[in-house]
Amino acid sequence: MIRSLKGTYDILPDESWRWQTLEAQLHDFMSIYGYKEIRTPAFEKTELFSRGVGEETDIVSKEMYTWLDGGKTNLTLKPELTAPVVRSYIQHNLGALSPVTKLYYMDALFRRERPQKGRQRQFHQFGVEALGTPFPEADAEVIAIAYEFMISLGITNLKLKLNSIGSGQCRTAYKDALKEYLSPHIQELSETSRLRFETNPLRILDTKIEHEIELLGKAPDILGFLTADDETHFSEVRELLDGMKIPYVLDKRMVRGLDYYTRTTFEITSSALGSQDALCGGGRYDKLVETLGGKSTPAVGFAAGVERLLIALDEIGKTEEPSKTDIYFVGLGDQARKAGIKLVHDLRKQGYKSNYDLVRRSMKAQMRESNKSGARIVLILGDQELENNQIQIKDLENSQQMTINLDELKNHLYKLEL
RNA sequence: GUGGGUGUAGCUCAGUUGGUUAGAGCACCUGGUUGUGGCCCAGGAGGCCGUGGGUUCAAUCCCCAUCACUCACCCCA
């Protein structure tokens with residue numbers, strides 16, 4: 001038997017309606033905020049990610065599905081969505097149409113990791129990017145979208161974590177200060193932390209090892225290194241969030257895994273998830289457009305994990321699947337079945353969700369099927385009714401049944417508000 | 001890449017201290033007289049007990065390997 005690959009899975013009919021619902025909610029929500037959808041290809045040149053996301057990140061260094069196309073071009077299944085969106089933004093010069101470009105997406109992405117709860121190799125994210133503005137209003141709007149969308153879905157136990165990692169100059173200064181603080185303790189650090197000490201010291205802040213956390217408690221504070229401008233920006237973001245009554249906690253140890261972030265970073269977690277508890281992560285990336293060859297364009301955005309959202313929604317109880325069918329036709333005998341097919345065809349053209357038996361089963365079986373289908377109304381047609389141009393109409397909720405003239409069927413259905 | 005757990009029916013799981021026809025619940029199918037669902041009752045279909053090897057008179061059970069799934073680490077959505 002050929003099975004789906006590790007870390008990939010099928011969304012089966014029992015599950016797919018939840019995805020459809022979520023997608024519909026997303027589209028509605030984004031139109032309220034004035035964001036437009038963008039869709040980019042499933043694969044890109046590898047260079048886009050190594051340059052955009054950062055050579056040293058885990059994503060680029062060990063998680064990408066990369067191959068040589070036609071023996072010469074290095075391609076990669078997208079492991080991340082911001083870089084492709086920015087690539088498209090530059091390529092089509094979207095910035096020329098308006099000072100601010102507000103985009104959203106929902107898409108599949110690919111990372112070669114060991115799967116676990118809330119982590120697959122092919123998974124889905126939705127997210128937004130607001131390109132073209134350096135102002136805190138944009139940070140606040142993007143954070144508000146992430147937070148309020150989850151609230152609107154009914155997810156509880158949300159925790160919004162906020163931080164600022166400053167911009168260029170102060171980051172360099174902070175890195176030095178952090179290294180200076182840590183260097184006398186370098187023997188106490190774990191192997192990975194020692195490696196990061198050389199490659200990317202900020203990531204040491206991410207550690208989950210107890211004694212390292214303790215050690216870092218006395219480390220210099222990144223907020224103390226922010227330039228005056230960075231500081232103003234950050235406090236305005238907070239002020240705007242306060243004004244919108246969006247609750248957050250400051251987490252100065254939160255450093256996002258991708259290289260392109262500047263200033264504001266944030267993350268939303270939920271205790272409904274397992275160990276992979278981040279529902280959403282994002283922040284400002286003022287240098288990325290430039291890095292990818294566009295003109296200097298400040299921007300801010302986030303991405304959220306769709307599978308994780310669905311897990312969180314599971315925890316608060318499943319919603320009912322919307323009714324599958326309204327009308328079920330039960331036919332007795334060849335003539336009636338044939339007449340029924342024409343009748344159902346007609347009803348379907350009028351938009352009624354209607355079904356009939358495709359395997360020529362007994363009446364009892366057809367009645368059972370009608371019940372299972374969730375139909376409210378059963379139409380029963382046999383030789384007797386056929387002769388008299390009549391049909392039986394049965395309400396499955398109260399078991400009331402009556403014989404009506406076929407010509408009056410539409411009126412009856414209309415009255416039932418189906 | 002590393003570690004733990006688990007592989008028996010479509011699903012959730014029993015079970016055999018190694019012994020001949022491997023079980024339950026749910027789901028599915030067919031019936032319970034003439035053309036009527038849900039509840040109930042009866043019957044039925046559906047398993048190389050993950051795969052390969054070893055021990056044994058005998059393995060679904062014990063041993064080894066392997067694969068898959070799963071959770072966790074790393075990291076992230």
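All values reported here derive from a predicted model rather than from experimental measurement. Below, read A as the first sequence line, B as the second, and so on, with proteins coming before strands; counting in each chain starts at 1.
Within the structure, a side-chain polar atom (N or O) of Ser275(A) is placed less than 4.0 Å from OP1 or OP2 of rC73(B). The side chain of Arg3(A) places no N or O atom within less than 4.0 Å of a non-bridging phosphate oxygen (OP1 or OP2) of rA68(B). Of the side-chain N and O atoms in Arg114(A), none sit less than 4.0 angstrom from OP1 or OP2 of rA72(B).
Among the protein residues, Gln366(A) comes within range of no part of the nucleic acid, since none of its heavy atoms lies under 4.0 Å from any strand. Using a 4.0 Å heavy-atom criterion, one finds that Glu80(A) contacts no nucleic acid atom at all. Contact annotation for Leu279(A): backbone-only contact, meaning every heavy-atom pair under 4.0 Å involves sugar-phosphate atoms and none involves a base. Nucleic acid contact class of Lys364(A) (heavy atoms, under 4.0 Å, all strands): base. Residue Glu267(A) is out of contact with every strand shown, counting any heavy-atom pair closer than 4.0 Å. Across all strands shown, Gly127(A) has no heavy atoms under 4.0 Å from either base or sugar-phosphate atoms. Counting non-hydrogen atoms under 4.0 angstrom, Arg111(A) reaches a base of the nucleic acid. Glu307(A) comes within 4.0 angstrom of nothing in the nucleic acid, heavy atoms only.
Distance CD (Glu63(A)) to C1' (rC74(B)): 9 Å, rounded to an integer number of Å. Taking atom CE of Met367(A) as the reference point, atom C1' of rG32(B) lies 17 Å away to the nearest angstrom. Here rA77(B) presents its P atom at 12 Å from CZ of Phe302(A), a figure rounded to the nearest Å. Atom CE of Met363(A) is separated from atom C1' of rU30(B) by 17 Å (rounded to the nearest Å). Taking atom CG of residue Asp10(A) and atom P of nucleotide rC69(B), one finds them 12 Å apart after rounding to whole Å. When the P atom of rC69(B) is taken as reference, atom CZ of Arg119(A) falls 16 Å away, rounded to whole Å. In this structure, His124(A) atom NE2 and rC76(B) atom P are separated by 22 Å, rounded to whole Å. Rounded to whole Å, the distance from CZ on Phe329(A) to C1' on rG35(B) is 13 Å.
Salt-bridge check for Arg284(A) with Asp230(A): failed, with every basic side-chain N at 4.0 Å or more from each acidic carboxylate O. Look at Asp357(A) and Arg337(A) and you find a salt bridge, because one of the NZ, NE, NH1 or NH2 atoms lies within 4.0 Å of a carboxylate O, short of that distance. For Asp221(A) and Lys252(A), the salt-bridge test passes: some basic side-chain N is under 4.0 Å from an acidic carboxylate O. Ion pairing between Glu408(A) and Lys410(A) fails under the 4.0 Å rule for side-chain N and carboxylate O. With respect to Arg308(A) and Asp277(A), no salt bridge is recorded, no charged nitrogen being found less than 4.0 Å from a carboxylate O.
If you check rC73(B), rC28(B), rG35(B) against the side chain of Lys372(A), the one that comes closest is rC28(B). Distance from the side chain of Lys394(A) is smallest for rU36(B) among the nucleotides rG1(B), rG32(B), rU36(B). In this structure, the nucleotide among rG32(B), rC76(B), rC69(B) sitting nearest to the side chain of Lys6(A) is rC69(B). The side chain of Gln116(A) lies closest to rC73(B), out of rG35(B), rC73(B), rG31(B). The side chain of Ser362(A) approaches rG31(B) more closely than any other nucleotide in the set rC76(B), rG35(B), rG31(B). Of all nucleotides listed (rC74(B), rG35(B), rA77(B)), rA77(B) comes nearest to the side chain of Ala278(A). In this structure, the nucleotide among rG35(B), rC74(B), rG31(B) sitting nearest to the side chain of Arg368(A) is rG31(B).
Seen from the ring of Phe123(A), Arg121(A) does not count as a face-on cation partner, given the 6.0 Å and 45° thresholds.
On the C1' atoms, rG50(B) is 14 Å away from rA9(B), given to the nearest whole Å. Distance noted for atom C1' between rG47(B) and rU60(B): 11 Å (whole Å). rC57(B) and rG52(B) have their C1' atoms separated by 23 Å, given to the nearest Å. Across the P atoms, rC48(B) and rC61(B) are found 15 Å apart, a figure rounded to whole Å. Taking the C1' atoms as reference points, rU20(B) lies 24 Å from rC63(B), given to the whole Å. Atom name C1', nucleotides rA72(B) and rU30(B): the rounded distance is 48 Å, in whole Å. Across the C1' atoms, rC76(B) and rC13(B) are found 34 Å apart, a figure rounded to whole Å. The C1' atoms of rC26(B) and rC39(B) are separated by 16 Å, rounded to the nearest whole Å.
For the side-chain contact (heavy atoms from CB on, under 4.5 Å) with Lys102(A), the lone residue among Lys36(A), Glu141(A), Glu129(A) that qualifies is Glu141(A).
Positionally, the nearest nucleotide of RNA chain B for Arg112(A) lies more toward the 5' end than for the other of Gly274(A) and Arg112(A). Both Pro115(A) and Ser370(A) sit near RNA chain B, but only Ser370(A) has its closest nucleotide nearer the 5' end.
Closest approach of Ala272(A) to Ile311(A), counting heavy atoms only: O-CG2, 4.4 Å.
No side-chain N or O of Ser373(A) forms a donor-acceptor pair with one of Thr325(A) less than 3.5 Å apart. Between Glu307(A) and Tyr9(A), the side chains place a donor N or O and an acceptor N or O closer than 3.5 Å (distance only, hydrogens not considered).
In this model, a side-chain donor or acceptor of Glu385(A) finds a partner on the base of rG35(B) within 3.5 Å.
Stems are defined here as 3 or more consecutive Watson-Crick or G-U wobble pairs with pairing distances under 3.5 Å; those involving RNA chain B are B:1-7 with B:67-73, B:10-13 with B:23-26, B:28-32 with B:40-44, B:50-54 with B:62-66.
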